[in-house]
Structure formats: structure tokens, C-alpha cells
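Take a look at the structure below.
No experiment lies behind these values; they were computed from the predicted model shown.
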Amino acid sequence: MSISLVALYGFADMRSKKREVSDMSIKFLGDNSLYLTEDAVNKLLIQNYGPVKNRAKEQLVLNTIEEVILSNDMVKSAQVYLTVNGELISKIVQRKPIGRVEGISKFYLDDLGKRMPLSKHHSARVPIITGEITGKTLEDAYEILNYINEDDFLRKNVIGIHIEEEGKYQLRFRMENFVVNLGGVDNLNEKFKNFMAFYVKATKDNSLESYAIVSLEYSNQVVCTKI
């Protein structure tokens with residue numbers, strides 16, 4: 001009886017390995033699924049791995065398929081597995097841009113602070129980064145963007161970061177004519193707290209339109225230059 005069970009298990013295992021992939025399903029996870037299409041993933045696999053559908057399961061190397069998908073610059077993470085019915089499932093998380101660099105070269109800055117190429121499928125509505133682009137200034141811009149994205153008002157209203165030089169950053173707002181001289185990335189919480197106090201007061205006074213520059217560079221104060 002034991003021999004029969006072993007034989008049956010071996011036969012079933014051999015049949016399972018020889019079973020062909022019946023279908024392939026690509027699932028984009030999360031709400032950031034605009035920069036890569038299902039067709040693009042299929043094309044990537046065909047070019048770098050070969051056809052997957054109708055291929056024997058024993059010929060598949062799932063780790064290699066994952067590596068092929070991860071080779072696309074729009075992919076943050078990928079998980080590939082086979083179901084008992086022979087369907088190959090690919091779950092993909094796309095990268096998330098938080099800023100767009102407009103310089104000699106154009107690219108996104110993603111939520112991990114890494115360079116991300118622009119997509120031909122979708123243009124992200126994120127703050128534009130201009131000026132003196134270096135490794136250090138991009139690190140600082142990433143820190144500023146992370147702070148902005150944690151605040152509902154700033155996230156909706158800041159549309160640009162201009163880099164004059166290292167340690168001198170300007171913010172541009174959607175509805176206001178003035179620019180905000182932020183200075184460096186030190187004490188961001190204090191600087192933005194002072195800015196919000198100024199903004200609330202100036203809104204009540206109907207005086208926002210009279211300012212050209214709002215400076216947060218000085219300790220615990222807001223210095224304004226009128227038009």
C-alpha cells in the first residue's frame with residue numbers, strides 16, 4: 001500500500017510539472033498604477049524570458065520572471081506565483097513619484113528619493129524641481145517634499161521647489177504670487193509652523209497679494225518683502 005501511495009504521489013507530481021500554464025494575470029496593486037501597462041509587462045517578459053502561456057510549469061523559473069519584471073524602471077516590487085489551476089499571477093507595485101526635475105535631464109524623484117524616468121503613459125501632478133540640481137540638493141528636495149506630503153494644505157498648494165544653491169530653496173504656491181524663501185532644510189517644522197501663522201493672519205487681513213517674498217530663513221520669524 002505504501003509503495004502504491006508513493007507511486008501515485010510521484011505520478012501526480014510528474015503530471016503537475018508537465019501541466020502547461022493555462023493563463024497569465026497581471027495585477028497592479030495600490031492606487032499608483034498609471035505609469036506601466038499590462039501590455040508593457042507582457043512585452044517585457046516575451047523579450048527577456050520568452051512566451052509564458054502554454055509553457056510547461058516545470059520550465060518556469062519564478063524568481064527569474066520576477067527579476068525580469070523588476071528590471072523595468074517603473075516597478076517598485078513584484079511577486080510571481082502559480083495557482084493550482086496553472087494560472088501565472090504577477091502582482092506588481094509601481095513606483096510613486098513625488099517631484100519632477102526639470103533641468104538638462106528630466107526625471108521624477110520617487111518616494112524613496114531615487115531617480116525615476118518619465119512615463120509615456122501618464123504625467124504625474126507633482127511639484128516641479130528647478131535650479132541647481134546636484135546629488136545633495138536632490139536629497140534636500142526629497143526631505144522638503146516628504147514634509148510637504150505629510151501636510152494636507154502644503155500638499156495641495158506647493159507646486160514647485162526652486163534650488164538657488166545648496167541650502168537656499170524657494171517654494172512656489174498654486175494660488176499665490178509670492179515665493180517662499182525656505183533657506184535650508186534645518187528646522188522645517190518650526191519654519192512651516194511660522195509660515196502657517198503668517199498665512200492665516202495675512203488671509204484675514206486680505207494682504208497676501210501685497211507680498212513678493214516671504215522669507216523663513218531667520219530663526220523663529222517671518223520676514224516679508226512687499227511688491
Side-chain angles (χ1 to χ4, degrees), residues 1-129 133-135 138-139 141-142 145-146 149 155:
M1 185 174 177
S2 297
I3 295 173
S4 298
L5 286 173
V6 171
L8 285 171
Y9 176 81
F11 178 71
D13 184 57
M14 182 174 64
R15 285 191 61 185
S16 175
K17 288 181 178 179
K18 288 186 176 181
R19 181 180 295 174
E20 295 180 344
V21 176
S22 60
D23 199 4
M24 179 176 174
S25 176
I26 297 170
K27 300 179 180 180
F28 295 112
L29 306 181
D31 57 357
N32 197 58
S33 305
L34 302 168
Y35 309 99
L36 184 64
T37 64
E38 186 173 332
D39 286 342
V41 175
N42 283 326
K43 185 177 181 181
L44 180 69
L45 286 173
I46 290 171
Q47 290 177 339
N48 295 277
Y49 189 81
V52 172
K53 192 174 179 179
N54 298 324
R55 195 165 177 171
K57 290 168 61 178
E58 65 179 356
Q59 295 177 1
L60 294 181
V61 183
L62 300 183
N63 287 340
T64 302
I65 296 174
E66 285 183 359
E67 289 173 3
V68 170
I69 295 174
L70 286 168
S71 70
N72 187 284
D73 289 329
M74 299 297 172
V75 176
K76 185 175 185 178
S77 64
Q79 180 187 11
V80 178
Y81 60 92
L82 274 166
T83 68
V84 292
N85 296 323
E87 182 179 13
L88 184 71
I89 306 290
S90 300
K91 292 185 176 180
I92 300 171
V93 177
Q94 296 188 27
R95 295 171 69 184
K96 180 180 180 180
I98 60 173
R100 175 171 175 152
V101 175
E102 290 289 334
I104 296 174
S105 58
K106 303 178 189 298
F107 55 91
Y108 289 124
L109 196 64
D110 75 1
D111 61 344
L112 296 178
K114 297 180 180 180
R115 298 187 181 208
M116 172 182 171
L118 304 183
S119 170
K120 62 182 180 180
H121 301 294
H122 181 75
S123 181
R125 296 185 64 182
V126 292
I128 303 298
I129 305 170
I133 306 298
T134 67
L138 280 182
E139 288 179 10
Y142 172 67
L145 287 167
N146 271 338
N149 285 330
R155 185 176 64 253

### Task
Look at the side chain of R95 and the backbone N and O of D73, then say whether any donor-acceptor pair between them is shorter than 3.5 Å.
yes

### Query
Can you list the steps and then say if S90 with Q79 is a side chain to side chain contact (heavy atoms under 4.5 Å, CB included)?
CA-CA 6 Å; S90 300; Q79 180 187 11; over 6 Å; no

#### Entry: Shortest non-hydrogen contact between R115 and L138, atoms and distance
NH2-CD1, 3.8 Å

### Task
Quick one: closest heavy-atom pair of I129 and L109, and the distance?
CD1-CD2, 4.3 Å

#### Entry: Backbone of N85 reached by a side-chain donor or acceptor of S22 within 3.5 Å
yes

### Pairwise distance CD1(I89) to CG(L62) - rounded to 0.5 angstrom
11.5 Å

### Query
So, the side chain of Y49 versus the backbone of V61: is there a donor-acceptor pair under 3.5 Å, distance only?
yes

### Task
Begin from the C-alpha positions of L82 and E87 and carry the test side chain to side chain contact (heavy atoms under 4.5 Å, CB included) through to its verdict.
CA-CA 6 Å; L82 274 166; E87 182 179 13; over 6 Å; no

### Task
Kindly write out the residues that satisfy ring pair (Phe, Tyr, Trp, His ring centres under 6.0 Å) with Y108, not counting sequence neighbours, or none if the list is empty.
none

### Interatomic spacing from CG in N48 to OG in S71 - rounded to 0.5 Å
5.5 Å

### Message
Could you walk me through whether D23 and K53 satisfy the side chain to side chain contact (heavy atoms under 4.5 Å, CB included) test, starting with their C-alpha distance in whole Å, then the side-chain angles of each, then the deciding distance to 0.1 Å, before giving a yes or no?
### Response
CA-CA 6 Å; D23 199 4; K53 192 174 179 179; 4.1 Å; yes

### Query
M74 and M116: side chain to side chain contact (heavy atoms under 4.5 Å, CB included), yes or no, with the steps?
CA-CA 7 Å; M74 299 297 172; M116 172 182 171; 3.6 Å; yes

#### Entry: Residue list, side-chain hydrogen bond (donor to acceptor under 3.5 Å, both in side chains) with R155, at least two apart or on another chain
D152

### Query
How close do A78 and I69 get, heavy atom to heavy atom, and via which atoms?
CB-CG2, 3.8 Å

### Message
What's the separation between atom CG in L44 and atom CD1 in I65, rounded to the nearest 0.5 Å?
### Response
11.5 Å

### Query
How would you list, by chain and number, every residue that makes a side-chain hydrogen bond (donor to acceptor under 3.5 Å, both in side chains) with K76, sequence neighbours excluded?
D111

### Query
Residues in side-chain hydrogen bond (donor to acceptor under 3.5 Å, both in side chains) with N72, at least two apart?
none

### Task
Working to the nearest 0.5 Å, report the span between CE of M24 and CD1 of I26.
4.0 Å

### Query
In Å, rounded to the nearest 0.5 Å, how long is the span from OG1 of T37 to CD of Q94?
9.0 Å

### Message
Which residues pass the ring pair (Phe, Tyr, Trp, His ring centres under 6.0 Å) test with H122, not counting sequence neighbours?
### Response
Y35

### Task
Determine yes or no for a side-chain-to-main-chain donor-acceptor pair under 3.5 angstrom, with E20 supplying the side chain and R55 the backbone.
no

### Query
Can you name the salt bridge (charged side-chain N to carboxylate O under 4.0 Å, His left out) partners of E102, sequence neighbours left out?
R100, K106

